[in-house]
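Shown next, in structure tokens, is the structure this report addresses.
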Amino acid sequence: MKLEVHLEGVSGSKTRVVELQREGERFQITLDGQPVNADAIEIAPNTISVILDGQSFVIHATPSLDDKLKLQCGPHEFSAEIVDPRVWRGRKQGALEAEGRQQITAPMPGKVIRLLVAAGDSVEAGQGLVVVEAMKMQNEIKSPKNGKVERLLVKEGQNVNAGDVLAWVE
Amino acid sequence: MKLEVHLEGVSGSKTRVVELQREGERFQITLDGQPVNADAIEIAPNTISVILDGQSFVIHATPSLDDKLKLQCGPHEFSAEIVDPRVWRGRKQGALEAEGRQQITAPMPGKVIRLLVAAGDSVEAGQGLVVVEAMKMQNEIKSPKNGKVERLLVKEGQNVNAGDVLAWVE
Amino acid sequence: MFKKILIANRGEIAVRILRACRELGIKNVAVFSEVDRTAPHVRLADEAYSIGPAASRESYLRIDKLMDVARRTGCDALHPGYGFLAENPALPRACSDAGMTFIGPSAEAMEMMGAKTSGKQLARRSEVPTVPGTDEAIENPEEAQSLARSMGYPVLLKAIAGGGGKGMRVVPTDAEFAGAWRDAASEALNAFGDPRLFLEKYLIGPRHIEVQIFADAHGRVVSLGERECSIQRRHQKVVEEAPSPVVTPELRKKMGEAAVRLARAGGYTNAGTVEFLVDADLNFYFLEVNTRLQVEHPVTEQVTGLDLVKLQIAIAAGHRLPFAWEAITPRGNAMEVRLYAEDPDNNFFPSPGKILSRHAPTGPGIRLDEGVYEGYTVPLEYDPLLSKLIAWGNSREETIARLRRALDEYTITGIRTNVSLFRRILAEPEFLRGEFHTKWLDELLARPSPPATPPRPGTEDASVIAAALWHTTRANSAANVNRTTSAEPSRWKSQGRRQQLDRTP
Amino acid sequence: MFKKILIANRGEIAVRILRACRELGIKNVAVFSEVDRTAPHVRLADEAYSIGPAASRESYLRIDKLMDVARRTGCDALHPGYGFLAENPALPRACSDAGMTFIGPSAEAMEMMGAKTSGKQLARRSEVPTVPGTDEAIENPEEAQSLARSMGYPVLLKAIAGGGGKGMRVVPTDAEFAGAWRDAASEALNAFGDPRLFLEKYLIGPRHIEVQIFADAHGRVVSLGERECSIQRRHQKVVEEAPSPVVTPELRKKMGEAAVRLARAGGYTNAGTVEFLVDADLNFYFLEVNTRLQVEHPVTEQVTGLDLVKLQIAIAAGHRLPFAWEAITPRGNAMEVRLYAEDPDNNFFPSPGKILSRHAPTGPGIRLDEGVYEGYTVPLEYDPLLSKLIAWGNSREETIARLRRALDEYTITGIRTNVSLFRRILAEPEFLRGEFHTKWLDELLARPSPPATPPRPGTEDASVIAAALWHTTRANSAANVNRTTSAEPSRWKSQGRRQQLDRTP
């Protein structure tokens, strides 16, 4: 099976092509067309041991809500999007769109306790937009860019879930 | 849902009738027709917390190969067979039959390295029948009763799996 | 000794206390709020009772409900843990009214020593150094300046009516005093309509070092040595160690004696902590008293070998502090990190949720005081402390090496944790040299992150391969599902996600 | 210091060694047989290489393969752990030929001290007491009897050609000597065609107590105190502790000096253990030397604070034993239990298989040296040691209380373990008083089991409710599956079992 893996991590974003061919209990693996000396096995649910040229790695895989696979390898984290040619899925268009316009989401469930800006306000990168309280702590959700608040989608007192869109900054 | 639970444990074997009625996220529970003050919840896969009259218990449930549910509650172990009236299943006949005749099974996978008796031999309870080697240790499988070896189903050098029948003692 | 103890707390500290009860052969009773039904302290306790909704003030802060459970279950003592009601004098009073023993100081000692102002007054009376300065306004600037000279610069001017930094000035030298006084007074007048000022010695880069004391009901008070707690993020301790890398045997003796003097003066019993600020010249100044067990008590346990919770219980039961304990000499070095469900890459935003998998470090020199398990959902209503990871070693270097090793082994999926914060702190040369103060971590975090350590060669390739393997095995099983079910589209993603998210029914 | 160490072992000891490497900043290389691909030591190592089939003699016992991996990966040292090749002099020789350092004694010291007969001879030469008696046949019964009188009764007669108990007699008193001699000689003649006998002092209820020694390459040899290892099942240690409940400071000094004398005489370097039998009068007799790290080394680590594996590595790298370590005084008491995958209700039959779930104890005073994880399949090819659980406490009583508490918290499903054996031992009054010997546990297990402790009231009801809840939630989800799939019968049992057994693909 040949897969495209879009990986994002410490050294930026890359697309790799992986081919896994089952051979008995193991797989023959090629990476970007080159055979690699790798032995990969899932040793516990979502825990994968990879021995690559003798180096031992353990990778923890967590499917995330945005349809990506979060990978933890020791202190390093990656986010992977996997394209399986056997399953046709329209590619996301979000990546391009997001360049100019940023969607601000709640990183965790909580309650909106204060709005710090109004729609139409100019904001700077790092400026607080909304205060969300969770686990007795108040947390400012900040603007990721200089721009203008296009829309605010929440009200004070409103409960939000992780991933809920709070605002758009253009 | 009303269930019959046949429990075997330290204090012998019993049949209890449990009724669970869902009420929101919890269950209303009756035991042998009496309502009990119990709150039961599965807090992790196969790990069940029961608070019964304020006493906190944690029970680990493991389905076993003989269609029974093994229950571990602290140092205590029980084996439960559950009869669900919604699912008709013929009751096992093994229990009666076994009174006179004992089936000797391998308690774990290994290799038969020696037969200590032959079919037709008279044996005493506790007498060794077969030696099975596993993890570099040799283990004598003993007769559970006085009687006669009816059949031997394995040969020296043969690999056996857990639960494989080794012999019958009549 | 007690027969049954009510543990009026939750999380790792409730687990810590019930383990001590179990080891002493004392029955224990846990309480829990609605969202804590699946919490570890409920799981491990002998008995457990619901005391109401998630909000603390409707459950863990309700003295009436605690007393009701205690009465119904026949408890003869109550342990408050830390936080919640632990420093509220109404709780020991309620215990006393109910004929139960409160495992901690008396309500009176709590009031006298726990409150900042009365604690400070007690310190002065017991000749325990406090930060030099005046509590009351000085009308005459010249008088103030001569006082500043006698204390030594820098000094801090503060508005009597002040707050929020208004009317506050650090004065580095005598030459700048008059101007700073004028500015501060005028700012105070503008801000509060009151120009009056007082002054305090300004401590540069002070350390937070605290002394663990124990006092029995028979007049014996001992110090069990100090803990270094200067590594704080926004006034919240995150790394603690014992002994402090800067405390000399002489200073230890002086601080210990001061702490014991204070406890005696306050008629204190049971465990308490006297917090000090220590300046660069190793002068120490009383800060406040915590009239309870500290979160960071394990580092003292690891170097002294004592079980502080058992000691609290014994003292509350009227036992004497054994003589031998006064002579305890700390051995080696212990360090604790507080593992929180929070996202260090996103301004330490709380990250509650379900722990999908967990691999905890073990082995020599490693202790874990846990408040979670695999499959547990960390609730959003409380402090997101997951566990405390404590390392012990023969030297500070060995302790840090073990802590690093343990952090490398520690993995948790499903929620974010602050593990990377500790990796960063434990790699900082200043930290390794023991050169830091209470603002050090905030300053460190204000600086741009250092370039990420490049991963070991192959890490990225291995991760790509792991992702592909993960996908392949799920894609195949999803295909199997498709064959046996209807033609309804079934994607591996929802399949994989369900496996992850729904492992607990 | 070394750059990279090959760990020529598996299981918990391989994990123990690689953790030490990691803490020292030394790269580590693991090796594994075909069935050990998923083993914890492979998972945690920096590098890992396959060395062949499951059978030890084709993998872990193959010096050529180990040397090949070491050469290819550029290792400059090798740690053998315990078992496998750890006491085979061919391994240090092969290391030396390959220009690598063997972390352990020299091949010569291993040969001289490790072999029973040469070890005993060395002990005699170094004035270390051995069990009194003759190694050679005594022709004359009268001569034998007078020797027996001088040694004191009871004595043991043994056939020179003997084995399997034939021609062996315990002689309790002088009056019985002549008859016993006659019977034993005639039995020996019948069994082996050789009537010759020798005799030894018969020790009644001896203890097995061993001394941990360390020797550097610069002539310094130290004792780190003793371990009590008398709790054995069929000559296999299952519980170990330090210090021994019967060893006095004087005896500790004498045994330590004897052990050091022996090590010096044998030109020993690195870690070693001198095993003694100790009789009821606290006389000690040399048994043998183990020229390697012991399974039970953690109890010494917990009371001395030393990391013995790091010490082994430092000494192998030519470092000197620091002076301070000679003055180490043990603190408190440590006890280890060996958790095995075996079924105590079925004659300790090995019980390998997949660990379906696991909840390990943590908290104060608890150390776990692990060789397993949740989801791991314990292979049937090797010693079924899962983990070592070690408790430390201020007193033996506290240590035992902590160990009990930890055993109560420890749960594992999918395989059987010997946890209940330890619950039983830790409840025996004789054990608690420290009154036991090397046959004590076998005698205990030969007695009928005591009536099972009745479970806490409600245990049975709670278990029944849990079973019903378990069934109900599965039955419902199975019903859901049935609705969406074809009419093919699907039973909850296979459903539930699949969930359990197939969690790892």
Side-chain angles (χ1 to χ4, degrees), chain B residues 1 3 5 7 9-11 14 16 18-20 22 27 29 31 36 38 40-42 44-53 55 57-65 67 69-76 78 80 82 84 86-87 89 107-110 132 134-137 139-140 142 162, chain D residues 56 341-343 345-353 356-357 359 378-384 407-408 411-414 416 419-420 423 452-476 478-479 491-494 496-497 499-501 503:
Chain B
M1 177 146 70
L3 301 167
V5 179
L7 198 72
V10 272
S11 48
K14 282 172 200 171
R16 311 288 300 270
V18 196
E19 200 165 349
L20 295 181
R22 197 178 278 279
F27 290 93
I29 302 170
L31 208 52
V36 288
I41 180 169
E42 190 161 354
N46 301 304
T47 302
I48 295 143
S49 164
V50 177
I51 299 180
L52 177 65
D53 289 327
Q55 300 290 317
F57 298 92
V58 174
I59 294 103
H60 298 271
T62 319
S64 69
L65 295 170
D67 263 9
L69 192 63
K70 186 176 150 194
L71 303 167
Q72 291 168 255
C73 183
H76 305 286
F78 303 95
I82 301 162
D84 185 343
R86 301 186 314 177
V87 182
R89 290 167 33 234
M108 50 137 356
V132 176
M135 296 206 277
K136 294 159 112 187
M137 285 178 61
N139 302 279
E140 263 189 35
K142 299 192 164 74
Chain D
S56 309
E342 58 186 23
D343 185 353
D345 296 333
N346 188 14
N347 204 23
F348 296 91
F349 210 98
S351 167
L356 299 178
S357 73
H359 194 80
V378 181
L380 46 103
E381 284 81 2
Y382 310 108
D383 183 61
L407 288 168
D408 281 347
T411 57
I412 194 159
T413 67
R416 310 273 315 180
V419 164
S420 67
R423 285 210 184 87
T453 329
R456 187 154 60 109
T459 301
E460 204 180 272
D461 288 355
S463 300
V464 167
I465 290 167
L469 179 76
W470 189 92
H471 173 90
T472 303
T473 48
R474 267 102 190 139
N476 290 341
R491 290 228 228 126
W492 62 262
K493 286 215 171 127
S494 56
R497 198 183 308 140
Q499 281 178 6
Q500 276 273 10
L501 302 178
R503 277 172 60 192

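Keep in mind it's a predicted model, so treat the numbers as computed, not measured.
- With contacts defined as side-chain heavy-atom distances shorter than 4.5 Å, the pair D:W470/B:P63 qualifies.
- The most heavy-atom pairs under 4.5 Å with chain D, out of B:C73, B:P75, B:G9, come from B:P75.
- Side chain of B:Q72 to main chain of D:I412: a donor-acceptor pair is present (N/O by atom type, distance under 3.5 Å, no hydrogens or angles).
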*asked:* Assess the residue pair B:L31 and D:V464 against the criterion (side chain to side chain contact (heavy atoms under 4.5 Å, CB included)); give the C-alpha distance rounded to whole Å, side-chain angles, the decisive distance to 0.1 Å, and a yes or no.
replied: CA-CA 9 Å; B:L31 208 52; D:V464 167; 3.9 Å; yes
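- Contacts between B:I41 and chain D at a heavy-atom distance below 4.5 Å involve the backbone alone (N, CA, C, O).
- Here D:T411 contributes atom OG1 and B:H60 contributes atom NE2; the two are 3.5 Å apart, rounded to the nearest 0.5 Å.
- Of the atoms belonging to B:V58, not a single heavy atom falls under 4.5 Å from chain D.
- Residue D:I465 is tested with B:I59, B:I29, B:I48 for a side-chain contact (heavy atoms from CB on, under 4.5 Å); the sole match is B:I29.
- Residues D:G458 and B:F57 approach most closely at C-CZ, 3.6 Å, considering heavy atoms.
- Counting heavy-atom pairs closer than 4.5 Å to chain B, the top residue among D:D343, D:N347, D:L407, D:T459 is D:T459.
- Taking both residues in full, the closest heavy atoms of B:V5 and D:A467 are given as CG1-CB, 4.4 Å, listed atom of the first, atom of the second, then distance.
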_Residues D:D461, B:R16; criterion side chain to side chain contact (heavy atoms under 4.5 Å, CB included); working and verdict_ = CA-CA 9 Å; D:D461 288 355; B:R16 311 288 300 270; 2.9 Å; yes
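- Both the backbone and the side chain of B:A40 come within contact range of chain D, each with at least one heavy atom under 4.5 Å from a heavy atom of that chain.
- Taking chain D as the reference chain and counting heavy-atom pairs below 4.5 Å, the highest number among B:K14, B:K70, B:K142 is found for B:K14.
- Atoms CG and CZ, from B:N46 and D:R474 in turn, are 5.0 Å apart once rounded to the nearest 0.5 Å.
- Closest approach of D:P454 to B:H76, counting heavy atoms only: C-CE1, 4.3 Å.
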*Step by step, would you call B:T62 with D:L356 a side chain to side chain contact (heavy atoms under 4.5 Å, CB included)?*
CA-CA 8 Å; B:T62 319; D:L356 299 178; 3.6 Å; yes
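- From D:H471, atom NE2 reaches atom CG of B:L3 across 5.0 Å, with rounding to the nearest 0.5 Å.
- Interatomic distance, B:L20 CG to D:L469 CG, rounded to the nearest 0.5 Å: 6.5 Å.
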